Trainee: 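Sharing a structure, written as structure tokens. Questions coming.
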Amino acid sequence: MSQTAQYDPNYQYQHIQVKPITGRIGAEIEGVKLSATLDQATVHEINHALVKYKAIFFKNQQHLTDDEQEGFAALLGKPLNHPTVPVKSGTAHVLELDSRGGRADTWHTDISFIEDYPKASILRSIVAPAAGGDTVWANTTAAYNDLPAELKVLADSLRAVHSNDYDYASKVTTSPRIDAEKYRALFNSTEYETEHPLVRVHPESGEKTLLLGHFFKRFVGYNSQDSRRLFDLFQDYAVHLENIVRWRWSVGDVAIWDNRATQHRAINDYGDELRVVRRVTIAGDIPFGVDGRPSVSLKKVVKQDISNFTFENGQILEKAS
């Protein structure tokens, strides 16, 4: 709880320039050249802006290499590899998202099917379409704050099961270059189910935030039909236009989002044009609900070892022996 006590939403920045983009979410950060050698004071302010604005954006960071992106990420926390998707060839922690391999075009919170899902992700644009391919983020703290008092009481009491064996792989749009069945098998190479509170208390700000997105499977104690109705009810609050920021990518742009207080999705409107971004994810902690109960792992079944696979140019490849 010491982190919550240290967070001051009215903190005045001394080392970065912050330009809010909308009234509820998103800010562009100026005056910073991201690197693995940023000073501690600047890193502290970047993290503060991340918690306050939920999604922050840096233009003109073309100097960043994969190694530098990994090094900068390590200043914000411990890098976390996706548990079922191979990293980019030649890197320790970079996940390459290449439109030739698939497009995650539904609302989600990254890797919410594990117990201690990520704190944040850092996304760098490598190839941007001439038009389209934007990403949108939704402020799930504002979504909770918008709930009527009676719905807040209900939300505070609900527990939800998240899983990577539910519908994600079927919702990701895959290209003809990739075997959809092979992709699904790899994504489900370890099957996870985790029970989370619908409302988690943010470990740094103390704010209450909704935890939903497309890894949601069902609410504990409710059948599938009622779970879907409740999901739609709360999810609609999350994706109100007032809670959304949209970013138009240019090569060299970097976005960082607080994965504990947002959902996001890529906009799949750029046809056959190429879109490539590279992501490094930061490890998170186990969520706690309003009642103090933590998230709990329900299932972890390893079906396939993915350590011999890598991802390159939109294709899943086996490493040379």
Side-chain angles (χ1 to χ4, degrees), residues 13 15-21 26-47 49-50 53-77 79-82 87-104 110 118 120-137 245-259 262 264-282 310-315:
Y13 300 105
H15 304 278
I16 60 176
Q17 290 82 56
V18 179
K19 296 170 58 179
I21 298 173
E28 185 179 337
I29 310 298
E30 297 181 339
V32 179
K33 182 178 181 180
L34 299 178
S35 76
T37 58
L38 275 181
D39 62 274
Q40 187 176 3
T42 300
V43 172
H44 169 77
E45 292 196 348
I46 289 172
N47 189 80
L50 175 66
Y53 294 100
K54 320 305 183 194
I56 55 177
F57 306 93
F58 303 77
K59 292 182 177 179
N60 302 314
Q61 305 293 319
Q62 291 92 333
H63 62 279
L64 280 177
T65 62
D66 292 342
D67 286 346
E68 280 286 318
Q69 185 177 359
E70 290 179 338
F72 167 68
L75 298 177
L76 292 175
L80 172 73
N81 290 354
H82 195 290
V87 297
K88 177 181 177 288
S89 177
T91 71
H93 304 295
V94 173
L95 179 67
E96 183 166 86
L97 303 171
D98 185 315
S99 58
R100 294 170 293 187
R103 304 180 182 190
D110 283 337
S121 287
I122 302 165
L123 197 66
R124 173 170 60 107
S125 177
I126 305 300
V127 180
D134 300 358
T135 302
V136 288
W137 286 264
V245 64
R246 180 167 179 157
W247 187 256
R248 171 79 186 102
W249 291 102
S250 296
V251 172
D253 287 355
V254 171
I256 311 176
W257 61 93
D258 187 338
N259 197 55
T262 59
H264 64 280
R265 60 168 295 182
I267 305 298
N268 186 5
D269 63 348
Y270 51 99
D272 295 330
E273 287 200 60
L274 182 60
R275 179 184 186 271
V276 180
V277 289
R278 293 180 185 160
R279 187 179 91 191
V280 179
T281 298
I282 306 300
T310 187
F311 197 81
E312 192 72 36
N313 298 323
Q315 298 189 66

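Computed over heavy atoms, backbone and side chain alike; hydrogens, waters and symmetry mates excluded. This one's a predicted model, so the numbers in the text were calculated from it and none came from an experiment.
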Trainee: Locate the shortest heavy-atom distance separating Leu80 from Pro118; write the atom from each residue and the value.
Mentor: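 Shortest heavy-atom contact: CD2-CG, 3.9 Å.
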Trainee: Using a strict cut-off of less than 4.0 Å between a Lys/Arg side-chain nitrogen and an Asp/Glu carboxylate oxygen, indicate whether Lys88 and Asp66 qualify as a salt bridge.
Mentor: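 Answer for the salt bridge query: yes.
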Trainee: Can you check whether Ile56's main-chain N or O pairs, donor with acceptor, with Glu28's side chain at less than 3.5 Å?
Mentor: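 Such a contact is absent between Glu28 side chain and Ile56 backbone.
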Trainee: Is a side-chain N or O of Arg124 found less than 3.5 angstrom from the main chain of Gln69, in a donor-acceptor match?
Mentor: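 Absent.
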Trainee: Walk me through it: do Asp258 and Tyr53 pass the test side-chain contact (heavy atoms from CB on, under 4.5 Å)?
Mentor: CA-CA 9 Å; Asp258 187 338; Tyr53 294 100; over 6 Å; no
Trainee: When rounded to the nearest 0.5 angstrom, what is the spacing between CG in Leu76 and CD1 in Ile282?
Mentor: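 Interatomic distance, Leu76 CG to Ile282 CD1, rounded to 0.5 Å: 5.5 Å.
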Trainee: Checking side-chain contact (heavy atoms from CB on, under 4.5 Å) for the pair Trp249/Leu123: CA distance, chi angles, key distance, verdict?
Mentor: CA-CA 11 Å; Trp249 291 102; Leu123 197 66; 3.6 Å; yes
Trainee: With sequence neighbours left out, what residues match Asp272 under side chain to side chain contact (heavy atoms under 4.5 Å, CB included)?
Mentor: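 So Asp272 forms no side chain to side chain contact (heavy atoms under 4.5 Å, CB included) with any residue.
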Trainee: Between the side chains of Arg279 and Asp110, is the shortest nitrogen-to-carboxylate-oxygen separation below 4.0 Å, so that they form an ion pair?
Mentor: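 Here Asp110 pairs with Arg279 in a salt bridge, since their nearest N and O are under 4.0 Å apart.
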Trainee: Between Glu70 and Thr91 (side chain of the first, backbone of the second, donor and acceptor by atom type, cut-off under 3.5 Å), is there such a pair?
Mentor: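 The answer is no, because no donor-acceptor pair under 3.5 Å joins these two groups.
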Trainee: Can you list everything that forms a ring-ring contact (aromatic ring centres under 6.0 Å, His included) with His93? Sequence neighbours excluded, please.
Mentor: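 Applying ring-ring contact (aromatic ring centres under 6.0 Å, His included) to His93 gives none.
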Trainee: Distance from Glu30 atom CD to Ile16 atom CD1, nearest 0.5 Å?
Mentor: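 Answer rounded to 0.5 Å: 10.5 Å.
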Trainee: What I want to find out is whether Asp134 reaches Arg246 closely enough, with some N-O distance under 4.0 Å, to be called a salt bridge.
Mentor: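 Here Asp134 pairs with Arg246 in a salt bridge, since their nearest N and O are under 4.0 Å apart.
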Trainee: Whether Asp98 and Arg275 form a salt bridge (side-chain N of Lys/Arg under 4.0 Å from carboxylate O of Asp/Glu) is what I want to check.
Mentor: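 So Arg275 does not pair with Asp98 through a salt bridge.
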Trainee: What's the shortest heavy-atom distance between Ala128 and Ser125, and which atoms?
Mentor: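 Looking at all heavy atoms of both residues, the closest pair is CB-OG, 3.9 Å.
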Trainee: Atom CD1 of Ile46 and atom CG of Leu38: how far apart are they, to the nearest 0.5 Å?
Mentor: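 If we round to the nearest 0.5 Å, Ile46:CD1 and Leu38:CG are 5.5 Å apart.
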Trainee: For residues Tyr270 and Ala131, report the shortest heavy-atom separation together with the two atoms involved.
Mentor: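 Of all heavy-atom pairs spanning Tyr270 and Ala131, the closest is CB-O, 3.6 Å.
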Trainee: Please give me the minimum heavy-atom distance between Ala92 and Val87, naming the atom from each residue.
Mentor: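 Answer, listing the atom of Ala92 first, then Val87: O-CG1, 3.9 Å.
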Trainee: Taking the side chain from Gln62 and the backbone from Gly252, do they hold a donor-acceptor pair closer than 3.5 Å?
Mentor: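 Not confirmed, Gln62 side chain does not pair with Gly252 backbone.
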Trainee: What's the shortest heavy-atom distance between Ser35 and Leu75, and which atoms?
Mentor: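 Scanning both residues, the minimum pair turns out to be O-CD1, 3.6 Å.
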Trainee: Main chain of Ser250, side chain of Asp253: is a donor-acceptor contact present, judged purely on distance under 3.5 Å?
Mentor: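 Yes; judged by distance alone, with no hydrogens or angles, the pair exists.
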Trainee: With side-chain contact (heavy atoms from CB on, under 4.5 Å) as the criterion, how do Val280 and Leu95 come out once you've worked through the C-alpha distance, each side chain's angles and the decisive distance to 0.1 Å?
Mentor: CA-CA 6 Å; Val280 179; Leu95 179 67; over 6 Å; no
Trainee: Rounded to the nearest 0.5 Å, how far apart are CH2 of Trp257 and OG of Ser121?
Mentor: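 The CH2 atom of Trp257 sits 4.5 Å away from the OG atom of Ser121.
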Trainee: Please name the pair of heavy atoms, one in Leu50 and one in Ala120, separated by the smallest distance, quoted to 0.1 Å.
Mentor: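 Closest pair (atom of Leu50, atom of Ala120, distance): CD2-CB, 4.0 Å.
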Trainee: Once ring-ring contact (aromatic ring centres under 6.0 Å, His included) is applied, do any residues pair with Phe57, and if so which ones, sequence neighbours excluded?
Mentor: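 For Phe57, the residues satisfying ring-ring contact (aromatic ring centres under 6.0 Å, His included) (neighbours in sequence not counted) are Trp137, Trp247.
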Trainee: State, yes or no, whether a side-chain contact exists between Ile122 and Val254 at a heavy-atom distance under 4.5 Å.
Mentor: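 Side-chain contact under 4.5 Å: yes.
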Trainee: Can you tell me if Gln61 uses its side chain to pair, donor with acceptor, with the backbone of Leu34 under 3.5 Å?
Mentor: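 Yes: the side chain of Gln61 pairs with the backbone of Leu34.
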Trainee: Leu274 versus Arg100: any side-chain heavy-atom pair under 4.5 Å?
Mentor: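 When only atoms from C-beta onward are counted, Arg100 and Leu274 do touch, with a gap below 4.5 Å.
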Trainee: When you look at Lys19 and Ile21, which way does the side-chain contact (heavy atoms from CB on, under 4.5 Å) test go after all the steps?
Mentor: CA-CA 6 Å; Lys19 296 170 58 179; Ile21 298 173; over 6 Å; no
Trainee: First locate atom NE2 of His15, then atom CG of Asp39, and finally report the distance between them rounded to the nearest 0.5 Å.
Mentor: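 Going from NE2 on His15 over to CG on Asp39, the span is 6.5 Å.
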Trainee: Which value, rounded to the nearest 0.5 Å, describes the distance between Lys59 atom NZ and Ile29 atom CD1?
Mentor: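 CD1 of Ile29 is found 12.5 Å from NZ of Lys59.
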Trainee: Check whether any side-chain heavy atom of Phe72 sits under 4.5 Å from a side-chain heavy atom of Thr37, and report yes or no.
Mentor: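 Not in contact.
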